[in-house]
Amino acid sequence: MTNDLAIDVRGMTKRFGDLTAVNQIDLQVHTGEICGFLGPNGSGKTTFIRMLCGLLRPDGGSGTCLGLDVIHESELIKRQVGYMTQRFSFYEDLSIAENLDFVARLYSMKNRREAVSQSLERLGLAKRRNQLAGELSGGWKQRLALAACMIHQPRLLLLDEPTAGVDPKARREFWEEIHRLADEGLTFLIATHYMDEAERCHRLAFILYGDLLVTGTVSEVVRQSNLTTWAVTGPDLMRLSERLLESPGVEQAVAFGSALHVSGDDQAALDQAIAPFRTAPYEWRRVEAGLEDVFIHLMEKSKGGRSS
Amino acid sequence: MKKRHEFSFKRFWAMVVKEFIQMRRDRVTFAIMVGIPLIQLILFGFAINSDPKHLPAAVLQADRGPQARTILQAIQNSSYFDFVREVHTETEAHEALARGQVQFVINIPENFSRDFLRGDRPAVLVEADATDPAATGNALSSLTNAVNGALQNDLKGPLAYLAGSDGPVDLRIHAKYNPEAITQYNIVPGLMGVVLTMTMVMITGLAITRERERGTMENLLSMPTRPFEVLLGKIIPYILVGYVQVGLILFAAQLIFNVPMIGSLPLLLVVALVFIAANLAMGITFSTVAQNQLQAVQMAFFFFLPSLLLSGFMFPFRGMPVWAQRIGEVFPLTHFLRIVRGILLKGNGLDEVVRELWQIALFATVALIIGVKRYRQTLD
């Protein structure tokens, strides 16, 4: 049933000259799902999102977005999708209320005034309604942007790094709001760099240099990576890290606070590599591989695959 | 301590190198920096001439005697006048002047040659379209010498006494539309066109580049908007601003400069709408080409400069060589100047106005089509 899929696209491709920014990406996102879209800078996340909402014409691929054809019906898709750009893109010389009113007019909403005041109320912007958008702090700007891209009651929200430059408290509130909305049946595709945010998503899609590397829930992604991770504490971990990285089987040695996380996808080789160091004063402990370890692992592996 | 405040050649040089790199990256700015002096050189060096010659004149000739021919020949030889047509009635002559088809009408009365030979000092009437005093001044002052000099050979025998007097003919010059040759009568109405061109092209030139520069364009495109809605929506508010400018200038023209307003004010306001729209369309088109606001301003200036110099605002249009006049005809300002001066000073009506107006409308249409075509619905 396509009705259950808010996004169902196959083979999406976009080239800029010689560069393939998005290469044959298939993605399915269920209605009411929060899909985290991960990948380093320049990996094609923004390009992919822009193709979904008709801002860029794909060079290849097909599929549906909210049951509408992504290639030929982008004007209809636009009416039901909210897109929050990476950079704040509302009018800094308009007040909060004026910005919302402008957007509501563009979507030719019937009960415009009501929609604007509801939206102000809902996002706690009512008291600041007459403040100029340019005077707002990062967190408030982001609230305004979210309010504006939801005013027409879209069924799908595409958020491109919505929490960049927002403090932890505001980020938490933001995510609570997202989960509440998803509960009501809205679908989200959220591009992010933050691992803690990735862990709040129902499902993840990891994209690298235009290729979709892995999809699934957090635990599925971690499991698929086959990564084994040891945490080690002790003196002079920098020195230890240098020596460990020389041994085969050790892929990563990353400092996390006072501990060093050592990982590799070949468990036997890893155990062999760390064996000589499993003495006092070092203390070793098996830990679950974190998402960040997994992603760095995927990036390294993909880089190796590319150069060979 | 002291050393810190010394001028460092290295730091200074770092700045110079950086500026050169940035200059090289911004190709449009560089092209315009080179282009503007080139255009000025060409325009001032070749196109502009403050002593216009070969001005079009019509002849209303009721006498074809030898002396009449001599006079006309002499007038043409002065190189200030080109006889482009012959008219047969007063009405036809005035029509040609009102439409700006000729700058002068030279009227040789009936029995001119006979009266001349009788020593009656017959009159030669020269009517001039003196809206722009600068365009007609030199030509008119050359007339007396040309006419009197030409007839010297005929002043023999009984007519010899006329040679020393006021001259053998009574040369009457009738400067129409601006008889006192008041420069403001010409400049102030023209200023309306100049001010509108400058501000309208620039303001709208900034309109879309600003959206792009501030990142709001991406948002606008992601919403269900059509190019025509966006462009037209951006134009309308500035049309109002344009009318405020028109009002201000008309007000000042009337109260401060006492410029006559012979023609119909409503007609002028309608014409202004077309002219404002043409400039706004040009600005919109620039803003779909310019990468940033600076470039948009530069393009607006690049358009404004030749408009100003080739339209006949600063220098007489007919003083320019044909190629420059052809270019001048493209600019809306050229036609608007003729219309405004025509309505205010000559009392021109719809009939004369339409002859110029369609060219402005054509310009507006072409500019808007290019603008809409270039306005991209996507970010590709």
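In the text below, chain A, chain B and the rest are named by the order of the sequence lines, each starting its count at 1.
- At a heavy-atom cut-off of under 4.5 Å, chain B is reached by A:Phe102, A:Val103, A:Leu106, A:Tyr107 from residues 99-116 of chain A, listed in order of number.
- In this structure, B:Gln40 places its CD atom where more than 12 heavy-atom neighbours from other residues, nucleotides or ligands lie under 6.0 Å away.
- B:Arg210 has no carboxylate O lying under 4.0 Å from a charged side-chain N of A:Asp93, or vice versa, which leaves the two without a salt bridge.
- Atom CD of A:Glu135 is surrounded by more than 12 heavy atoms from other residues, nucleotides or ligands within 6.0 Å.
- Top candidate by heavy-atom pairs under 4.5 Å with chain B, chosen from A:His152, A:Arg79, A:Arg50, is A:Arg50.
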Going through the distances and angles, do B:Asn219 and A:Tyr91 end up as a side chain to side chain contact (heavy atoms under 4.5 Å, CB included)? CA-CA 10 Å; B:Asn219 204 345; A:Tyr91 298 93; over 6 Å; no
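- Side chain of A:Lys78 to backbone of B:Leu221: a donor-acceptor contact under 3.5 angstrom is found.
- Between chain A and the options B:Met223, B:Glu218, B:Met217, heavy-atom pairs under 4.5 Å are most frequent for B:Glu218.
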Please tabulate, for the side chains in residues 227-253 of chain B, all donor-acceptor contacts under 3.5 angstrom to protein atoms that are two or more places apart in sequence or on a different chain.
residue  : atom : partner  : partner atom : Å
B:Glu229 : OE1  : B:Arg226 : N            : 2.8
B:Lys234 : NZ   : B:Ala207 : O            : 3.4
B:Lys234 : NZ   : B:Glu211 : OE2          : 3.1
B:Tyr243 : OH   : B:Leu269 : O            : 2.5
B:Tyr243 : OH   : B:Leu273 : N            : 3.4
B:Gln245 : OE1  : B:Thr199 : OG1          : 3.1
B:Gln245 : NE2  : B:Thr199 : OG1          : 3.1

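- Pairing each heavy atom of B:Gly215 with each of A:Ser89, the nearest pair is O-CB, 3.1 Å.
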